[in-house]
Amino acid sequence: MVCLGNICRSPLAEGILQSKVNLDAVFVDSAGTAAYHLGNRPDERSINIAAKYGLNIRNQKARKFSINDFDEFDVIYAMDKSNYQNILSLARNEEDEQKVQLILNEIHPNQNKSVPDPYYGGNQGFENVYKMLDEACNIIAKKL
Ligand code: 4NP
């Protein structure tokens with residue numbers, strides 16, 4: 001699960017998908033394309049919205065997406081089109097490229113919609129992001 005800062009959207013996506021899959025069989029992680037918040041916990045607003053729905057994401061720590069992630073993961077979900085392009089720019093070959101997906105295409109195939117960046121908005125933005133990611137992760141979990 002990849003966004004820009006790895007403190008708002010992708011930590012939620014990580015926590016939500018982890019809550020829906022068998023963690024003995026599936027490894028779910030998140031990262032950011034930027035290094036602004038390395039080592040930080042998720043944004044308090046993400047922590048709070050997760051807690052509202054019974055998830056604890058407080059212990060996550062922000063990290064930067066790395067080229068090694070193409071080797072470690074089978075699927076790389078980008079939250080928005082800018083994240084998608086940034087990840088693709090690091091791909092070494094077609095196999096890497098094919099791992100990168102826009103997460104909302106799970107709900108709306110081929111529509112290339114973005115999960116809006118809630119960082120500069122209020123709590124409603126986080127609620128909205130949570131709902132989108134919950135719906136997308138239901139579909140991902142079913143496929144897994
Ligand atoms: P995220 O949100 O990409 O969902 O973690 C953001 C977090 C921080 C910044 C931008 C977006 N920032 O500019 O610091």
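Both counts, for ligands and for their atoms, begin at 1 and track the order of listing.
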Indicate, with yes or no, if Ile76 and Met79 share a hydrophobic cluster defined by side-chain heavy-atom contacts under 4.5 Å among Ile, Leu, Val, Met, Phe, Trp and Tyr.
no

Using the test side-chain contact (heavy atoms from CB on, under 4.5 Å), find all partners of Tyr36 that sit at least two apart in sequence or belong to another chain.
Leu4, Ala34

What orientation do Phe70 and Phe65 show, parallel under 30°, tilted 30 to 60°, or perpendicular over 60°?
perpendicular

Side chains of Leu23 and Val21, heavy atoms from C-beta outward: is any pair under 4.5 Å?
yes

Gln98: which residues meet the side chain to side chain donor-acceptor pair (under 3.5 Å) condition with it, sequence neighbours left out?
Glu94

Per the under 4.0 Å non-hydrogen criterion, ligand 1 touches Cys3, Leu4, Gly5, Asn6, Ile7, Cys8, Arg9, Tyr36, His37, Asp117, Tyr119, Tyr120

Return each pair, listed once, that meets ring pair (Phe, Tyr, Trp, His ring centres under 6.0 Å) where at least one residue sits in residues 121-144; pairs must be two or more places apart or across chains.
Tyr53-Tyr130

